[in-house]
Amino acid sequence: MFDLSATPITFGDFVWTGDFTTIDLIAATTNALNGALLARRPDHYRNYTIVGILLMALVGGIGGGVARDVLLGDVPSALTNPAYILLCLAAGLLGYALAFKGGQLFREGLFQFMTSFSLPWYAIVGAQKAVEAGLPVLGALALAVVGPTAGRYFIDVTSGVPPKQFIRGEWFVGIAALTGLVWIICDAFGLNTWLATGIAFLIGFTLRVLALYLGWEEPLAKEPKGVYQHNDGRPLLGRKLAGKSQREMRDLGLVVETTAPGDAK
């Protein structure tokens, strides 16, 4: 059974309390990197300053955890332990630097890989805290979804784009809920924290990468008459890695095309 009462390891104001803080910091740091990369995407970029991009990284990194803790009636860990904010800002600087390395396909591939990595971590932490608080299974699954998706919601709303939760997103919400459910089942069978976490992470991460690689997406709702049917072409992870996603990238406004002098438009 997961235990939050382990003797804390401290270094000044920095606190590591058992397994929970380690997992939570991994989730926050990777989500912060994702936030900085997302803020540099042309479809999200709104003339953000360097400070703005770092704030996006911070929101992406701790937004889900803060929302989760507030729902549980706890003081957010990110506000009491400076390791969260410092690690998220460091990840934001890394993401800002990576935005100028390689091409757009590389950045998109890295972004999707890192979101696949961070999503199950936050889902697991949400399920862990919910079980510790004595919430029923449905409540625990709700927190498993809030943790990995709330930060993305805040970034999308700030950037003026539809939040990822409500559009086709390769089972973004569904995989978060499934990861949390797997951890809850493993915990119910008495597996130790890291074994349960490893199983849940492996399932969630694998399914997310496969969904991105193969284009597994939620079904669209039936369009009302007269509504524009959006193009389903998306920049699949596998095609990006192979350098064959120019059309899909262009459809999302992620490729800047150049026209040679004298070429017809």
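Below, all heavy atoms of this structure are taken into account, side chains as well, without hydrogens, waters or symmetry copies. These numbers come from a predicted model, not from an experiment.
Looking at Asn34 and Ser118, their side chains come closer than 4.5 Å, going by heavy atoms from C-beta outward. Contact annotation: the side chain of Tyr122 never approaches that of Thr149 to less than 4.5 Å [non-hydrogen atoms, C-beta and beyond]. Here the side chains of Leu135 and Leu72 are in contact, with some heavy-atom distance below 4.5 Å. At least one side-chain heavy atom of Thr21 sits less than 4.5 Å from a side-chain heavy atom of Leu25. Looking at heavy atoms from C-beta onward, Arg208 lies in side-chain contact with Phe172 at the 4.5 angstrom threshold.
Ionic pairing of Asp69 and Lys129 is present here: one or more N-O contacts between side-chain nitrogen and carboxylate oxygen are shorter than 4.0 angstrom.
Under the side-chain contact (heavy atoms from CB on, under 4.5 Å) rule, Trp183 has a single partner from Val125, Ile199, Val131, which is Val131.
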Go through the steps for Met56 and Leu38 under the test side chain to side chain contact (heavy atoms under 4.5 Å, CB included), then give the verdict. CA-CA 9 Å; Met56 285 293 197; Leu38 185 61; over 6 Å; no
Take Asn192 and Leu195 through the test side chain to side chain contact (heavy atoms under 4.5 Å, CB included) and record every step on the way to the result. CA-CA 6 Å; Asn192 68 58; Leu195 181 57; 3.4 Å; yes
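In this structure, Phe205 has its ring center under 6.0 Å from that of Phe113.
The distance from the CG atom of Leu212 to the CG atom of Leu207 is 11.0 Å, given to the nearest 0.5 Å.
For the residue pair Ser159/Tyr48, the side-chain donor-acceptor check at 3.5 Å is satisfied.
Geometrically, Arg40 does not engage Tyr96 in a cation-pi contact defined by less than 6.0 Å to the ring centre and at most 45° from the axis.
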